[in-house]
Number of protein chains: 2
Amino acid sequence: MTPPRQPHRPPVRTGGIPPSVAFLLSQLGFEVGKEMGRALEDAVGLEPRQFGLLRLLADAEGHSQRALGETLRIPPNRMVTLVDALERKGLIERRTHPEDRRAYAVSLTAAGSAALETAFKAAFAVEAEICAPLSAEERTQLLGLLTKLAQAQLERGGGVPGVHPGMSTA
Amino acid sequence: MTPPRQPHRPPVRTGGIPPSVAFLLSQLGFEVGKEMGRALEDAVGLEPRQFGLLRLLADAEGHSQRALGETLRIPPNRMVTLVDALERKGLIERRTHPEDRRAYAVSLTAAGSAALETAFKAAFAVEAEICAPLSAEERTQLLGLLTKLAQAQLERGGGVPGVHPGMSTA
DNA sequence: TATTGTTATACTCTATAACTATA
DNA sequence: TATAGTTATAGAGTATAACAATA
């Protein structure tokens, strides 16, 4: 008889891929994004998109849902549930729009500003953890190189400055 | 009467975010991943995950679906539809497993190898486009820094070498 | 009894298209 | 007639649990 069977072992990647900036960027970006999402969830119970809207509101108060959604590349129907959730948490509020009674003027509450501050701290902690393997010089170098790539991406018409592309469909 | 109304204008991001490696990585990684996906789709009609499985098969032939899925972090039920799709395209085949009649030995076909080669060319083209804004030295620098971060990520137990984390849930 | 592949089901997320009230 | 917000419906993608064949 044959000896007791063990489950099929997974094949080991020999790693026969030539070093690629594109692959590493995509791979690392995905991991970092997940880690950031976990940190925000743990620290303030915010989803990445909720964090994104709060960040935008800190810069631009009193705009309509449509205007906000246009910047974030989020369609109107999804803006409803997004604003609903944050309003239910008491972090933002729908006030009457001064010039248009169809629209809401969306703005941060005091609790929302506080939550945003806490969220930023959590984000900085992730930033520090991510960059831990790098020296200060290396981090500055990397920051410069990534900024250059992001700049080129923008000039090709890819995305909105400071807005994560995953806001639109993630 | 009031003058004709124009739609609410979207707020402009002032960009008040401190420069962050984590944010830039996540943002750029997302964009690059999308671009890579489009390129593969256009060149060979492959989804990113299909490309990932073909790449793995090029390194490790004749393994069971479960073993492959374990490496790629793809659960068995999704492996079925993934293998189905590629088999329907004629790029891989399910052969009888030499030691286990429950399992299939999954392997590349000649057409699969050809498709993989074409896909790699498309990927290299994206790599070149992404890195266009950088000098040769800068690209080497960036490659080194990203590799360092990826290495640290691996040592923290995050992921499988050479396997994109988006394979598991994307 | 455990494992390979498969299928069925429910659940989440998203996109499309309507609908209301205002302009 | 067009816009802001909302709702309803259907579709894609995923996870969970069961299933038949084989070990």
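Per chain, numbering begins at 1; letters A, B, ... match sequence-line order. Here the structure is a predicted model, which means the values were calculated and not measured.
The separation between Glu99(A) atom CD and dA4(D) atom P is 12 Å, rounded to whole Å. Computed from coordinates, the Leu68(B) CG to dT4(C) P distance equals 12 Å when rounded to whole Å. Put simply, CD1 on Ile74(A) is 14 Å from P on dC13(C), counting in whole angstrom units. Straight-line distance from the OH atom of Tyr104(A) to the P atom of dA21(C): 12 Å, rounded to whole Å. Atom CD of Glu47(B) is separated from atom C1' of dT14(D) by 14 Å (rounded to the nearest Å). One interatomic measurement links the two molecules: CD of Gln65(A) to P of dT7(D), which rounds to 11 Å at whole-angstrom precision. In this structure, Met167(A) atom CE and dC13(C) atom C1' are separated by 16 Å, rounded to whole Å. Between the C1' atom of dG5(D) and the NE2 atom of His63(A) lies a distance of 18 Å, rounded to the nearest Å.
With dT22(D), dG5(C), dT6(D) as the candidates, the nucleotide lying closest to the side chain of Arg102(B) is dT22(D). The nucleotide whose nearest atom lies closest to any side-chain atom of Asp100(B) is, among dA4(D), dT14(D), dT4(C), dT4(C). Among the nucleotides dT4(C), dA15(D), dT6(C), the one closest to the side chain of Pro75(B) is dA15(D). When the nucleotides dT22(C), dG5(D), dT4(C) are ranked by their closest atom to the side chain of Arg101(A), dT22(C) comes out on top. Among the nucleotides dA15(D), dA8(D), dT22(D), the one closest to the side chain of Thr169(B) is dA15(D).
In summary, Glu129(B) and Arg156(A) engage in a salt bridge, as defined by a charged side-chain N under 4.0 Å from a carboxylate O.
OP1 or OP2 of dT6(C) lies within a sub-4.0 Å distance of a side-chain N or O belonging to Arg94(B). One finds no side-chain N or O of Arg66(A) lying less than 4.0 angstrom from the OP1 or OP2 phosphate oxygen of dT6(D).
With hydrogens and angles ignored, a donor-acceptor pair closer than 3.5 Å exists between the side chain of Asn77(B) and the base of dT16(D).
Between the CZ atom in Arg94(B) and the OG atom in Ser64(B) there is a gap of 12.0 Å [rounded to 0.5 Å].
Tested against Asp84(A) for a side-chain contact (heavy atoms from CB on, under 4.5 Å), the candidates Leu82(A), Leu86(A), Val80(A) yield a single pass: Val80(A).
Listed here is the closest heavy atom pair of Leu53(A) and Val83(A): CD2-CG2, 4.2 Å.
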Walk me through it: do Lys121(A) and Glu127(A) pass the test salt bridge (charged side-chain N to carboxylate O under 4.0 Å, His left out)? CA-CA 10 Å; Lys121(A) 281 182 190 154; Glu127(A) 169 77 6; over 6 Å; no

